[in-house]
Amino acid sequence: MIDLKLLQKEFDTVSKKLMRKGVDEKLLEKVKVKFEELKEAKVNFESLQAAQNAMSKEFGVYKREGKDISELKAKVDENKIRIADALEVQRLRQEELEKIAMAIPNIPDDDVPDGEDEESNVELGRVLTPKEFSFTPKEHWELAEQNGWIDFESGVKLAGSRFSVAYDMGAKLERALINFMLNYNAKKGYTEVSVPHIVNRKALEGTGQLPKFEDDLYKIEGQELFLIPTAEVPLTNLFQDEIIPADNLPIKMTGYTSCYRKEAGAAGRDTRGIIRQHQFHKVELVCITKPQESEAIFDDMVKTASEILTALELPHRLVNLCTGDLGFGAAHTTDIEVWLPGQNTYREISSISNTRDFQARRAKIRYKNGKKNELVNTLNGSSLAVGRTIVAIMENYQNEDGSITIPEVLKPYMGL
RNA sequence: GGAUCUUUGGCAGAGUUGGUCGAAUGCACCGGUCUUGAAAACCGGCGAGGGUCACACCUCCCAGGGUUCGAAUCCCUGAGGAUCCA
């Protein structure tokens, strides 16, 4: 949720920034007006309420003194009707405002490049040089099938398209990577947390997936519960409605979960292989920080994710997402893209975002700053998407005969 | 699945004949006095959100609804916890 007071106070500045992210200025104008109308309704309601409270107090006095209360009661009854009306007006305005305000994305940072889509993302740097192959490298689905690591037919049999089943070394690699990543993150000071894969509506509203993106979530029938699209949701919402002592910050967490996404908007994209699945494994980083230290933590998160790829000797690059590619809740995002020789391109394997106080405002996550309670900053990032890491390993470690060498660092995790 | 009890501020714990209760008290915490320093003792502060320059004022005592001029206090529903029964 954006800061409505800020929007009201500095409308021109804020709206200009939001327009960069494609938000219609007319909508913002509307939000501003609605916000002012709501305030007005509130003042009206509250003053009526105050009168009511005062009169009710008088009742006690009258009764004790044995005075006649019929006149007072008439006044109070009349006021009561007005209160009911005023409350109704306030309620309606509140609802209206929330409906549109909740759908407004976070304000992008000034240094986020302008752009429509990933074409305008800006490369920040490259780590490791892709190696030259003496043969034409294959794509991962071919290698996966050839080695018997991943079977797509089985996935379809059990659940449908965009599901797959991992066998033998493929399955082991998955498990090894999860452990390797969690251990690495733990070494970097991230506390490992194991969370539910099912959460309620409030949690998803807190991190911004709801109300806007309900179509992309798997909902449990008959209940207000959803499968998580990312561990970011439970991890961040652990602190929903909390006031965290300043000494406890920063909170650095890492957690492994499966992620469940309908991929409603991705029809036809990445239909081959396991780049885009309805269910995938991911090791996540989530941090909760004071506002002034969130950028330092952000850098630490990017570094941590990048180091894992380096340890796996996978060439990758860092990319600063442009406004059009930026997620709903992010103020800025750095993507890590791993080199896929089979596809001859870099593909996203991690996405690290600073949401600043956008989620904190929705989820009411605050910290004690001296006497005051202030909103924290929340950050999240993958370190890493497990399936895509396997894709990268398959393509980068492939041999001419189609066999795949297991990265050294993972061998101990695979019983090799 | 049934019965009874229970749900209050960071924790503990009053409040249960509805009014001056946003809530006693203790602990914890913060500031101060005292002390070479610390402890103890004493003094003061100390829930949250909105609102205001600051007050005032409004809201919140698990959630939702109801009774009432007025509810933490009464009634209903739901959720969590404890105990007993099956």
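What you are looking at is a predicted structure, and each value in this text was computed from that prediction instead of being measured. In what follows, chains carry the letters A, B, and so on, assigned in the order in which the sequence lines appear, proteins first and then strands, with residues in each chain numbered from 1.
Projected onto RNA chain B by closest heavy-atom contact, Glu374(A) and Lys39(A) fall at different nucleotides, the more 5' of which corresponds to Glu374(A).
For the C1' atoms, the distance from U68(B) to G19(B) is 11 Å, rounded to whole Å. The separation of C75(B) from C5(B), taken at their P atoms, amounts to 11 Å, rounded to a whole angstrom. Here the separation of G10(B) from A48(B), taken at their P atoms, is 8 Å to the nearest Å. With both ends at atom C1', the span from U6(B) to U16(B) equals 14 Å, rounded to whole Å. Annotation: G9(B) and A23(B) have their P atoms spaced 14 Å apart (nearest Å). Between C60(B) and A41(B), the distance separating the two C1' atoms is 38 Å to the nearest Å. C74(B) and G18(B): their C1' atoms are spaced 7 Å apart (whole Å). The C1' atoms of U52(B) and C42(B) are separated by 36 Å, rounded to the nearest whole Å.
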Scan nucleotides 53-70 of chain B nucleotide by nucleotide, 5' to 3', and note B when protein non-hydrogen atoms come under 4.0 Å of the base, S if they reach only the sugar-phosphate, - if neither. ----SBS---------BS

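A14(B): no Watson-Crick or G-U partner with both key distances under 3.5 Å is found in any strand. Base pairing of A28(B): no nucleotide in any strand meets the Watson-Crick or G-U wobble criterion (both distances under 3.5 Å). Nucleotide A79(B) forms a pair with U7(B), judged by Watson-Crick or G-U wobble geometry with both contacts under 3.5 Å. In this entry G1(B) has C85(B) as its Watson-Crick or G-U wobble partner, both defining distances falling under 3.5 Å.
Note: Phe213(A) and Phe328(A) have perpendicular aromatic rings, judged against thresholds of 30 and 60 degrees for the angle between ring planes. In this structure, Tyr260(A) and His197(A) have tilted ring planes: the angle between them lies in the 30° to 60° band.
Note: CE (Met1(A)) to P (G50(B)) measures 12 Å, nearest angstrom. Atom CZ of Arg362(A) is separated from atom C1' of G49(B) by 18 Å (rounded to the nearest Å). Between Arg93(A) atom CZ and G50(B) atom C1' the separation is 17 Å, expressed in whole Å. As rounded to whole Å, 18 Å separates atom P of A48(B) from atom CD of Gln240(A). At whole-Å resolution of the value, CG in Asp3(A) and P in G50(B) are 10 Å apart. In this entry the distance linking CG of Asp241(A) with C1' of G10(B) reads 14 Å, nearest Å. With rounding to whole Å, Leu4(A) atom CG is found 13 Å from G50(B) atom C1'. The separation between Asn373(A) atom CG and G10(B) atom P is 11 Å, rounded to whole Å.
Between Lys17(A) and Asp110(A), at least one side-chain nitrogen of the basic residue sits less than 4.0 Å from a carboxylate oxygen of the acidic one, meeting the salt-bridge criterion. In this structure, Asp335(A) does not pair ionically with Arg317(A), as no charged nitrogen and carboxylate oxygen lie closer than 4.0 Å.
In summary, the aromatic rings of Tyr256(A) and His281(A) are positioned with their centroids under 6.0 Å apart.
Heavy-atom contacts from other residues, nucleotides or ligands closer than 6.0 Å to CD of Glu153(A) number 12 or fewer. Applying the 6.0 Å contact sphere to NZ of Lys172(A) captures no more than 12 heavy atoms from other residues, nucleotides or ligands.
Looking at heavy atoms from C-beta onward, Gln209(A) lies out of side-chain contact with Glu214(A) at the 4.5 angstrom threshold. In this structure, the side chains of Asn396(A) and Glu313(A) stay at 4.5 Å or more apart for every pair of heavy atoms.
For the pair Lys368(A) and G10(B), the criterion of a side-chain N or O lying under 4.0 Å from OP1 or OP2 is not met.
For the residue pair Thr257(A)/Lys282(A), the side-chain donor-acceptor check at 3.5 Å is not satisfied.
For the atom pair Asn354(A) CG and Leu379(A) CG, the distance stands at 4.0 Å (nearest 0.5 Å).
Within residues 199-206 of chain A, no residue has any heavy atom under 4.0 Å from RNA chain B.
The residue Lys75(A) sits apart from the nucleic acid: no heavy atom pair falls under 4.0 Å.
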